[in-house]
Amino acid sequence: MAERYRGPYSPGAGGASRAEPRADIRHRYESRTKWITIAAIPFLLSAFWQEPVGMVANLAAFGIVALGSRLTRESLQAEAAYDARRVARRPAWPRKLFGGVLTGLGLAIGAAEPSALIPAMLIGFAGAMLHYLAFGADPMRDKGMEGVDSFQQDRVARIIAEGEAYLAGMQDAIRRTRDRRLEARVALFAETARELFRRVEQDPGDLTAARRYLGVYLMGARDATVKFADLYAETQDPGARGDYEALLTDLEANFAARTRALIESGRTDFDIELQVLRDRLAREGVRMPDPAQPALEDRKGVDLTDLLRATTKAGRKTD
């Protein structure tokens with residue numbers, strides 16, 4: 001993903017413009033967050049054997065630590081989606097940082113005693129530092145946003161979110177057939193479609209050329225998958241299965257061809273811009289090096305040899 005993340009943690013996220021991260025994108029440290037809540041269970045268990053003030057303090061400590069664990073998990077999910085994309089905005093606010101602060105605060109409250117407030121504060125500080133060492137910091141900068149039109153990028157994000165919803169609908173529908181081969185076939189098509197998603201995200205100018213693929217074609221593929229799944233679950237018709245697999249093959253070929261066409265179009269645009277730059281420099285009297293000519297070091301050697309020969313000839317004529 002070489003892709004942009006536009007989840008609920010991104011600046012300006014809201015309403016229909018949200019694009020949730022794919023379910024298969026996971027942070028390698030996401031499973032660690034459950035251990036934060038597990039480590040706070042003694043506060044919960046011991047709360048009911050305390051006096052009222054101690055019970056409230058222990059319950060509050062467990063709740064704050066659990067909330068910090070949840071914030072950390074959500075931040076790791078956002079970070080995984082951020083890392084999977086080449087173009088991404090930083091999260092709107094650092095949930096991992098607040099998760100660490102809440103973890104330390106919960107530990108401090110759970111360990112607090114009227115005569116031992118400073119040790120409790122030290123325990124909380126140590127807990128926050130361990131949280132930072134375990135999970136790291138939040139992404140604090142936008143990635144790949146230099147020279148990108150924010151409005152156009154938002155349009156791309158919304159349309160790709162719709163495309164991801166269509167792919168999710170296809171995968172949900174095909175599971176009703178309980179056929180692993182068909183599920184793998186749909187997953188392969190989904191990955192081919194996401195290659196086109198990534199290409200459009202890298203160059204939002206390609207949206208016009210690919211919009212029908214991201215909307216109409218994917219919606220039709222989802223509807224066809226739903227109808228096929230219902231039919232095949234009842235009849236196990238091999239003819240319908242063959243037709244559906246042929247449809248997936250055609251869709252894969254078309255999506256892959258469109259992706260290649262966009263890449264080749266980008267190369268053509270680059271060649272045109274390069275030629276325009278060469279022409280402008282030529283009008284200014286600046287000559288760009290010709291790749292067919294020898295390197296600068298080689299030309300220096302040839303020029304020096306010619307200069308020595310010319311000097312020698314001139315000396316002979318003088319004599």
Side-chain angles (χ1 to χ4, degrees), residues 1-11 13 18-42 62-107 123-145 153 156-157 160-161 163-165 167-168 170-172 175 180 183-184 186-202:
M1 192 219 239
E3 303 172 10
R4 179 182 175 190
Y5 180 65
R6 288 285 297 165
Y9 321 116
S10 299
R18 290 184 180 180
E20 296 297 334
R22 301 204 317 258
D24 58 340
I25 299 178
R26 294 180 61 86
H27 196 283
R28 64 183 185 277
Y29 295 152
E30 188 176 335
S31 60
R32 293 184 179 181
T33 56
K34 65 177 181 294
W35 295 106
I36 300 176
T37 305
I38 292 174
I41 288 178
F62 176 80
I64 292 173
V65 172
L67 178 59
S69 173
R70 180 178 177 82
L71 289 178
T72 302
R73 187 172 186 272
E74 292 179 352
S75 178
L76 291 175
Q77 291 173 345
E79 184 178 358
Y82 174 92
D83 292 338
R85 292 159 168 80
R86 292 185 180 180
V87 179
R89 286 179 177 171
R90 62 178 178 81
W93 55 290
R95 296 198 171 206
K96 195 185 299 184
L97 174 62
F98 284 98
V101 171
L102 289 176
T103 299
L105 178 62
L107 292 175
I123 291 174
F125 178 78
M129 289 297 100
L130 289 174
H131 183 281
Y132 173 78
L133 293 176
F135 300 105
D138 297 273
M140 301 303 293
R141 295 182 179 180
D142 294 340
K143 180 173 65 171
M145 297 295 292
Q153 193 67 40
V156 170
I160 289 181
E164 286 287 356
L167 292 178
M170 289 181 65
Q171 292 175 315
D172 288 341
R175 291 190 188 100
R180 295 293 182 87
E183 291 179 19
V186 171
L188 182 61
F189 165 70
E191 192 57 35
T192 303
R194 286 176 180 131
E195 287 292 334
L196 182 59
F197 292 176
R198 286 189 281 269
R199 175 62 197 177
V200 174
E201 282 184 320
Q202 293 170 25

Practice prompt. State plainly whether the residues E30 and R73 are in salt-bridge range, i.e. N to O under 4.0 Å.
Written response: yes
Practice prompt. May I ask you to test the I36-F135 pair for a side-chain heavy-atom distance under 4.5 Å?
Written response: yes
Discussion item. Checking R28 against E79 for the salt bridge (Lys or Arg N to Asp or Glu O under 4.0 Å) test, could you report, in this order, the C-alpha distance in whole Å, the side-chain angles of both residues, the deciding distance, and whether it holds?
Written reply: CA-CA 10 Å; R28 64 183 185 277; E79 184 178 358; over 6 Å; no
Worksheet item: Is the closest basic N to carboxylate O distance between E74 and K96 below 4.0 Å?
Response: no
Worksheet item: Is the shortest heavy-atom distance from the side chain of F62 to the side chain of L67 under 4.5 Å?
Response: no
Fill in: S69 side chain to T33 backbone, donor-acceptor under 3.5 Å
yes
Fill in: Donor-acceptor under 3.5 Å (D138 side chain, L97 main chain)
yes
Worksheet item: Can you check whether G68's main-chain N or O pairs, donor with acceptor, with T72's side chain at less than 3.5 Å?
Response: yes
Discussion item. Please report the interatomic distance CZ(R175) to CZ(R180), rounded to the nearest 0.5 Å.
Written reply: 11.0 Å
Worksheet, complete the sentence: On a heavy-atom basis, the closest approach of Q171 and A190 is NE2-CB, 3.9 Å
Item to complete: Would you check if V65 and T37 make a side-chain contact, meaning some heavy-atom pair closer than 4.5 Å?
Response: no
Worksheet item: Do R199 and E195 meet the salt-bridge criterion of a basic N to acidic O distance under 4.0 Å?
Response: no
